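Step one of this worksheet: look at the structure below.
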Amino acid sequence: MYEFAYHRPASVAEAVKLLAADPEAKLISGGMSLIPVLKQRLARPSALIDLGAIPDLVGISVSATTVTVKGRTTHAAVAASAEVRRAIPALAELASHIGDAQVRNRGTIGGSIAHNDPTADYPSAVLALGATVHTSRRTIAADDFFTGLFTTALEPDEIVTAVEFPIPDKAAYVKFPNPASRYAMVGVFVAKGPMGVRVAVTGAGAKGVFRHAAMEEALAKSWSPEALEGITTPAENLTTDIHASREYRAHLIGVMAKRAVAKAG
Amino acid sequence: MGYEGIGASVRRREDLRFLSGRGIYTDDINRPHQAYAVIVRSPHAHARIRGIDASAARSAPGVIAVFTGADMAAEKIGGLPCGWQVKNKDGTPMAEPPHPVLAVGKVRHVGDPVAVVVAETKPQARDAAERIVIDWEVLPAAATIQAALQPGAPSVHDDVPGNVCFDWHLGDKTAVDAAFARAHKVARLELSNNRLIPNAMEPRCAVGEYDPATGDYTLWTTSQNPHVIRLLMGAFVLNIPEHKLRVVAPDVGGGFGSKIHHYAEEAIVTWAAGKLKRPVKWTADRTESFMSDAHGRDHVTEAELALDDEGRFLALRVRTLANLGAYLSTFAPCVPTYLYATLLAGVYTTPAIYAEVKAVFTNTVPVDAYRGAGRPEATFLIERLVDIAALEMGMDRVEIRRRNFIPKDAFPYQTPVALQYDSGDYHRTLDEALKAAKWDTFEQRRAEAARRGKLRGIGISTYIEACGIAPSAVVGSLGARAGLYEVANIRVNPTGSITVFTGTHSHGQGHETTFAQLIADRFGVPMSQVEIVHGDTAKVPFGMGTYGSRSLAVGGSAIVRASDKIIAKAKRIAAHLLEASVEDIEFKNGMFRVAGTDRAKSFAEVSLAAYVPHNYPIEELEPGLEETAFYDPKNFTFPAGCHICEVEIDPETGEVEVVNFTAVDDVGRVINPMIVEGQVQGGVAQGIGQALFETCVYDEAGQLLSGSMMDYTMPRADDVPYIQVGTAVTLCTHNPLGVKGCGEVGAIGAPPAVIGAVVDALRDYGVRHIDMPATSHKIWRILDAGRQRLAAE
């Protein structure tokens, strides 16, 4: 780890101010992605702005139509929330299978989606549920938020304050973990409800999380695993590595999608 | 206190310390004024060093010194020695190119040490290391065996053209050729044995210290064999006489073979401590472990088994290419030769065997012993080939094994590949395993799984291994540059408690418990009165350490011999005290008794008399009660057994789940059944790891692609089922305890059982063999190809 300055602001406004003043500074929430990168000396931020002392950034609220998870809420909190389990069980279950217990107790939703690791779980839920990302200055629709590998629509001095999920009629997430890292090698989130029918795939896309138009179309006609029969995923835009070829990932997208639809009921 | 002697499942005494975080590992040792070393490693698989500019690093904050290979060469520091010389077919010695501590001239693998920075703090050393500028001339790399053997391949060592370290053979080629000429059928197999990265839980660490007042050096290191390190480093690398060098291996968090070898960092910190007159510590991070701990396995093999018309094995022919990596690690040459080809008879009566092994240098991390070391490679080959032979013959896998087993009345049994097995009962371990695994009712489970949409398969392996290494004269004649006896010093303290100094080393095996049980059994004292000391050359006589499942068979035998000497002397003291003839003294349950009388002295009373010799036969007997025994084994020991594995495959994804695993092992006499069970379970977990998950991957340029836990798949708790462990004992005939060894059997027996089960599950897909690891990806490709073939038909 290289040396860095450390700030612990008490409000979002103060954090934004610090961030705007120093283009080389980095926000740190749970640190589950950033700390390993720092330890390996792969990043050299001038300062870390720790969001851990901002009380407004933690909490879950559920209305008749939405679940809102504030940015610094941990995966463990989402997984354990009785309200989330009732409103969007698929979201609680997704959160309960991120990383391991230590990661879930540190890692946060805001950190996960702002980092936009192509193998992270949360981006698929945000995209498939048609969530709205609330930031320090605006709201961003899920479809506009994820722009590529490790990149988002966030401005350099913008902070994710909450994610607002519409409550679906049906939803489920099924992942095939990478055997070594246990990140998603393929993860498919399916949802049906006010957001329409949406299918988001994580872990497999060479450019990160993406929606699967052909599957959405088929499921919109008939919400059943059988409806996905024969729908293939073009392999050329998928990741290939020592764990799985793009063809295998394309195949697994089909299997995981069917299982997700079956699970959603 | 319950029974604590031989056969008792006493809980491991060391675990309180380990599980409560109170172990003292090398990285826990911090010396006054300690400085920190960071090693600069090659980012290239193969490159010439045109120049090293360390000026910016030397002037960086906190830096005490920067050393390169040139600095060490200027002080005539030796290269890292190899402890075993193998000869070519023509009798000439193997190629033995230099292995400099810090690279000189060129680097030969990613991770090859190039320079060391010593600074006041580790972060300062790291910062400075990044300021070293190396002018590289990157060369093409030979990253695999196949690439290294291509005509015109880059030479890993300029003076070893063709990259062949040795071309060795064993067995009777003429007899084998003759047997193949009259064979009814021949089973053929080409396979690779996947390269593994050991990943002990504790990364390697070394702390060097020099005392200018006495000229004494001390090295604390993560080693399985501190005396071996002292000898190799002192005599061959740093020219420090052994009486001025102490090597301590304190608590060590797993070794699996990877901590046998003498590593560059040990020499670097010791040498730097002497130069700088300050203690110097180096601790590997996990990334360094991946690219600097010796790797394991990595064979490519073609084999043929000749059979007669009744399925009897007539002859075995094996051609193996073994990857040695970029340099000869300490015991590398013996692993693919004398620990491999000598095991190719397995548990079978194959009368003629011929094996050729070509060992190859590549631009990869050195390859050396890893749990099993050669024997897993032999076992995987034999057992896979036997399965294929059963297919060829249309025979049952169990029946073909039974038909070829060495019968239990044939011992001692001389194999055609040098070894003489002393004891065993392969039918019995097989029968007990078949019963425990419910082999007979497997088809019901297969059908039930099919109803759930799963492909279920069962696999079997009947393995043998050689351990308890080894008779010194025998291994000496085979090229070992060391003796492989073991030592024990038993010090009875005046009040009757006992301290045992053993030359073996425990790094997870539980010696502090097992050896204390031996002493408790021998002397009739409670275990609480016994201390086991190991791992410090200043305390323990010259011993050879722990590897090859040798600690109990060789080290335990030394303890028995030293115990015998103590008891013999104590009887003479007791005879004097009891005014009886020594022939009349019996020693039982901690009491010396005049036979047939109630006159007795306790062990503690006799001990006290030895140290307070007021009433003592001082004219004929020295005071004190302390004895040392060196035990040189008469033969290897031969644990054997039967492992049975059941898997289920998800045909949609190719995922394999190990659903049942049964191991019935003959490890000789069992001292502590609970520890044996743990050792077998741990070994099986590693065997499952090799079979299904683990593999080291280099790209063509020699970059390590599986260089972290993100990409190297270690088996996890949820990958390993409950492992049912049984033992079926035949005693070793040539050591005083009748013990054989249990540390490696799991890693040896499991892989072919797992792969056999996977192949069995895929029997409808025309699969005869799958190389390890049988990942979901690999299996999906087989399933996909099968479905496409079916669709085409």
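Only a predicted model underlies this, so the values are computations on that prediction, with no experimental measurement involved. Chain identifiers are assigned alphabetically (A, B, ...) following the order of the sequence lines, protein sequences preceding nucleic acid strands; residue numbering begins at 1 within each chain.
A side-chain N or O of A/Tyr173 and one of A/Asp121 form a donor-acceptor pair less than 3.5 Å apart. The closest side-chain donor-acceptor pair between B/Glu694 and B/Asn194, if any, does not fall under 3.5 angstrom. Residues A/Tyr2 and B/Glu130 bring a donor and an acceptor atom of their side chains to less than 3.5 Å of each other. A donor and an acceptor atom, one from each side chain of B/Ser258 and B/Asp293, are nowhere located under 3.5 Å apart. A donor-acceptor contact closer than 3.5 angstrom links the side chains of B/Asn323 and B/Thr362.
Most heavy-atom pairs under 4.5 Å with chain A, from the set B/Val697, B/Asp127, B/Leu692, B/Asp699: that is B/Asp127. Of the listed residues (B/Pro715, B/Pro123, B/Ser776), the greatest number of heavy-atom pairs within a distance under 4.5 Å of chain A belongs to B/Ser776.
Between B/Glu652 and A/Lys258 no salt bridge is recorded (no basic side-chain N to carboxylate O distance below 4.0 Å). At a threshold of 4.0 Å, the pair B/Lys454-B/Glu657 does not count as salt-bridged, since none of the basic side-chain nitrogens sits closer than that to a carboxylate oxygen. With respect to the salt-bridge test (charged N to carboxylate O, under 4.0 angstrom), the residues A/Glu93 and A/Lys263 qualify. Using a 4.0 Å cut-off between a side-chain N of Lys or Arg and a carboxylate O of Asp or Glu, B/Arg126 and B/Asp285 qualify as a salt bridge.
When the heavy atoms of residues 200-229 of chain A are compared with those of chain B, none of the residues falls under 4.5 Å. Within residues 176-187 of chain A, the residues that have a heavy atom under 4.5 Å from a heavy atom of chain B are A/Phe176, A/Asn178, A/Pro179, A/Ala180, A/Ser181, A/Arg182, A/Tyr183, listed by number.
Within the 4.5 Å cutoff, the side chain of A/Phe4 has no heavy atoms near those of the A/Lys26 side chain. The shortest side-chain heavy-atom distance between B/Arg781 and B/His777 falls under the 4.5 Å cut-off.
With a threshold of 4.5 angstrom between heavy atoms, B/Thr653 approaches chain A through its backbone and through its side chain. Looking at B/Met710, both its backbone and its side chain come within 4.5 Å of chain A, counting heavy atoms on both sides. If you measure heavy-atom distances from A/Glu247 to chain B, the contacts under 4.5 Å come from both the backbone and the side chain.
Atom CD of A/Glu236 sits in a crowded spot, with more than 12 heavy atoms from other residues, nucleotides or ligands closer than 6.0 Å.
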